[in-house]
Student: 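Before anything else, here's the structure in question.
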Amino acid sequence: MKSEIESYVTEVGADAREASMSISTATFEQKSKCLRSIAEDLDKNRSSIKQTNLEDINNAVNNQIDSSMLERLRLDDLAIDRMIEGLNQVDLLSDPIGQIREMNFQSSGIQVGKMRVPLGVVAMIYESRPDVTIDAAGLAIKSGNAIILRGGSESFRSNQELGKSITRGLVGAGLPKECVQLINTTDRSAVGALLALDDYVDVIVPRGGKDLIKRVSSETKINVIKHLDGVCHVYVDKQVDLEMAVSVAFNSKSEKYGVCNAMETLLVHHHVAGEFLSRIEPLFTEKGVELRCCPKSHSLCSSSLIADDSDWTMEYLGPVLAIKIVRGLDEAIDHINKFGSHHTDVICTSSFENSRKFIRNVDSASVMVNSSSQFADGFEYGLGAEIGISTDKIHARGPVGLEGLTTEKYVVFGNGEIRKR
């Protein structure tokens with residue numbers, strides 16, 4: 001016999017499946033009106049959103065929540081502006097649904113092509129960041145998917161408040177409010193119930209710590225879009241503008257610590273290590289970043305500690321950085337492919353040849369030349385927002401935006417053709 005929570009979550013899944021039929025055929029104008037209405041509602045209700053978020057923050061402080069998670073929990077005016085801008089960007093993107101490509105006539109006379117269609121029902125399980133509620137809802141609406149959102153208990157009040165704006169936007173656009181549903185309980189058994197909804201849910205997106213993602217991947221039969229770690233690297237090449245490299249490397253680590261696109265390991269060519277590290281070490285020291293160095297870099301960084309083998313695979317999500325001096329580009333690439341998480345990796349170089357070798361040979365979802373790793377973000381990539389980042393190679397890779405929430409079906413046009421033996 002199902003528990004009360006299981007029955008509730010099953011009902012949410014059934015409602016989402018039914019609502020997916022409506023949102024999948026919604027017009028461009030309906031979806032646009034919905035997104036604009038949500039954005040306007042967020043702007044109008046800033047005070048109540050911030051006040052509700054403050055309740056979550058105070059509760060998190062009392063519970064001594066991790067500082068990196070606390071940073072992601074906060075909703076100030078800047079965060080609200082960013083959510084609004086994200087919705088507006090998504091609204092302006094081309095609607096992928098219904099697009100047909102690769103139309104070709106076959107010898108039989110039929111014409112075959114592929115049409116872009118929604119996935120159906122998406123479930124998302126995430127921690128701390130309430131702005132993800134708006135990002136995920138906006139992308140789901142634009143891509144014609146129904147979505148079930150289960151945020152963390154630490155952001156429960158904030159998510160429910162944001163959900164009110166989403167519901168008002170859906171209803172105002174003539175769409176079922178069940179197109180976007182927030183699980184209305186913090187009971188942990190709701191997660192297990194959600195993972196069992198393979199009759200109703202087409203894909204699950206876990207967004208949070210490694211333990212959450214491992215649990216989702218191991219417990220569900222539903223397709224999962226995920227990444228486990230963000231062990232991101234910046235490699236400073238022999239041929240490089242050192243001032244630029246210092247700026248990129250420092251920003252890659254220090255813009256935000258508790259994000260999956262933050263640099264966790266800095267690799268430096270031995271020919272420039274002395275001058276480069278003498279410039280960047282004081283910046284990290286002033287910022288309070290603990291440096292864990294290989295023996296060679298430790299001799300150049302007076303404030304550092306000696307790294308051990310575990311540091312090369314560590315996602316610190318805080319003010320700690322591993323540093324290693326390498327002999328050249330090939331060693332840097334080998335280190336990244338061996339110890340990295342295939343998330344985001346950067347080369348700082350003035351060599352066109354080396355930059356092309358790096359982006360060709362580094363096996364990561366995002367590979368960058370002379371830019372901060374913290375640009376690895378759907379908003380910064382022009383996707384409007386992201387529902388998550390995938391380091392898998394199927395079905396999506398990198399920041400997952402509109403296209404990652406769609407699939408294709410074959411469409412065939414004929415004129416009475418029949419197949420003959």
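Side-chain atoms are counted along with the backbone in the values below, which use heavy atoms only and exclude waters and symmetry mates.
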Student: Atom OG of S372 and atom CG of N251: how far apart are they, to the nearest 0.5 Å?
Tutor: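 Answer for the OG-CG pair, S372 versus N251, is 3.5 Å.
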Student: Does D81 pair with R46 as a salt bridge, N-O distance under 4.0 Å?
Tutor: yes
Student: About how many Å separate CG of L405 and NZ of K142, when rounded to the nearest 0.5 Å?
Tutor: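 Spacing of NZ (K142) from CG (L405) equals 13.0 Å.
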Student: Ignoring hydrogens and angles, write down the donor-acceptor pairs under 3.5 Å from the side chains of residues 107-117, residues two or more places apart or on other chains.
Tutor:
residue: R116; atom: NH1; partner: T406; partner atom: OG1; Å: 3.1
residue: R116; atom: NH2; partner: E408; partner atom: OE2; Å: 3.4

Student: Set out, in order, the CA-CA distance, both residues' side-chain angles and the distance that settles side-chain hydrogen bond (donor to acceptor under 3.5 Å, both in side chains) for T185 and D187, then state yes or no.
Tutor: CA-CA 5 Å; T185 176; D187 192 309; 5.1 Å; no
Student: For residues 9-16, tabulate all N or O donor-acceptor pairs below 3.5 Å that involve a side-chain atom, not counting sequence neighbours.
Tutor:
residue: T10; atom: OG1; partner: K2; partner atom: NZ; Å: 3.0
residue: T10; atom: OG1; partner: E6; partner atom: O; Å: 2.8

Student: To the nearest 0.5 angstrom, please state how far the CZ atom of F375 sits from the OH atom of Y381.
Tutor: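 Going from CZ on F375 over to OH on Y381, the span is 10.0 Å.
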Student: Between K210 and D229 (salt bridge meaning N to carboxylate O under 4.0 Å), is one present in this structure?
Tutor: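 Between D229 and K210 there is a salt bridge, with a charged N closer than 4.0 Å to a carboxylate O.
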Student: Evaluate the criterion side-chain hydrogen bond (donor to acceptor under 3.5 Å, both in side chains) for residue pair D237 and H269; output intermediate values, then yes/no.
Tutor: CA-CA 5 Å; D237 196 22; H269 193 290; 5.1 Å; no
Student: For atom CD1 of I394, decide whether the heavy atoms of other residues, nucleotides or ligands shown that lie under 6.0 angstrom number more than 12.
Tutor: no
Student: Could you tell me whether D308 atom CG has more than 12 heavy atoms of other residues or ligands within 6.0 Å of it?
Tutor: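 Buried by this count: over 12 neighbours within 6.0 Å.
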Student: For N62, does the CG atom sit with more than 12 other heavy atoms under 6.0 Å from it, leaving out its own atoms?
Tutor: yes
Student: Start with the C-alpha distance between F358 and T349, add both sets of side-chain angles, then the distance that settles side-chain contact (heavy atoms from CB on, under 4.5 Å), and finish with yes or no.
Tutor: CA-CA 10 Å; F358 187 86; T349 185; over 6 Å; no
Student: For R188, look at atom CZ and say whether over 12 heavy atoms of other residues, nucleotides or ligands are found less than 6.0 Å away.
Tutor: no
Student: Between F284 and F250, how do the two ring planes meet: parallel, tilted or perpendicular, split at 30° and 60°?
Tutor: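 Because their plane-to-plane angle lies in the 30° to 60° range, the rings of F284 and F250 count as tilted.
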Student: Output side-chain donor-acceptor pairs under 3.5 Å for residues 161-170, partner residues at least two apart or in another chain, one line each.
Tutor:
residue: E161; atom: OE1; partner: K164; partner atom: NZ; Å: 3.2
residue: E161; atom: OE2; partner: S48; partner atom: OG; Å: 3.3
residue: S165; atom: OG; partner: D41; partner atom: OD2; Å: 2.6
residue: T167; atom: OG1; partner: G163; partner atom: O; Å: 3.1
residue: R168; atom: NE; partner: D41; partner atom: OD1; Å: 3.0
residue: R168; atom: NE; partner: D41; partner atom: OD2; Å: 3.3
residue: R168; atom: NH2; partner: D41; partner atom: OD2; Å: 2.8

Student: Against S32, only a single residue in D95, T27, D91 fulfils side chain to side chain donor-acceptor pair (under 3.5 Å); can you say which?
Tutor: D91
Student: Please determine if R82 forms a cation-pi arrangement with F379, meaning its NZ or CZ atom is less than 6.0 Å from the six-membered ring centre and no more than 45° off the ring axis.
Tutor: yes
Student: Thinking salt bridges, do D202 and R17 make one under a 4.0 Å N-O criterion?
Tutor: yes
Student: Is the count of non-hydrogen atoms from other residues, nucleotides or ligands lying under 6.0 Å from K50 atom NZ greater than 12?
Tutor: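 Buried by this count: over 12 neighbours within 6.0 Å.
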Student: State whether the number of non-hydrogen atoms from other residues, nucleotides or ligands found under 6.0 Å of E403 atom CD is greater than 12.
Tutor: no
Student: Compute the centroid of each ring, for H227 and then for H342, and state whether the two points are separated by less than 6.0 Å.
Tutor: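 Not under 6.0 Å, so no.
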Student: If I take atom CE from residue M263 and atom CG from residue L266, how far apart are they, to the nearest 0.5 angstrom?
Tutor: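 Reported to 0.5 Å precision, the distance equals 5.0 Å.
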Student: Does R74 come within less than 4.0 Å of D76, counting only side-chain N to carboxylate O?
Tutor: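 So R74 does not pair with D76 through a salt bridge.
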Student: To the closest 0.5 Å, what do you measure between CD (E154) and CG (N59)?
Tutor: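 Spacing of CD (E154) from CG (N59) equals 9.5 Å.
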Student: Is it true that K33 and E40 make a salt bridge, defined as a side-chain N closer than 4.0 Å to a carboxylate O?
Tutor: no
Student: Under 4.0 Å between a side-chain nitrogen and a carboxylate oxygen: does that hold for K324 and D311?
Tutor: no
Student: Do NZ/NE/NH1/NH2 and the carboxylate oxygens of E290 and R292 come within less than 4.0 Å?
Tutor: yes
Student: Measuring from atom CG of D56 to atom CD of Q160, what distance do you get when rounded to the nearest 0.5 angstrom?
Tutor: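 Those atoms lie 10.0 Å apart.
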Student: Answer yes when D363 and R397 have at least one side-chain N-carboxylate O distance shorter than 4.0 Å, and no when they do not.
Tutor: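 Salt bridge between D363 and R397, a charged N being under 4.0 Å from a carboxylate O: yes.
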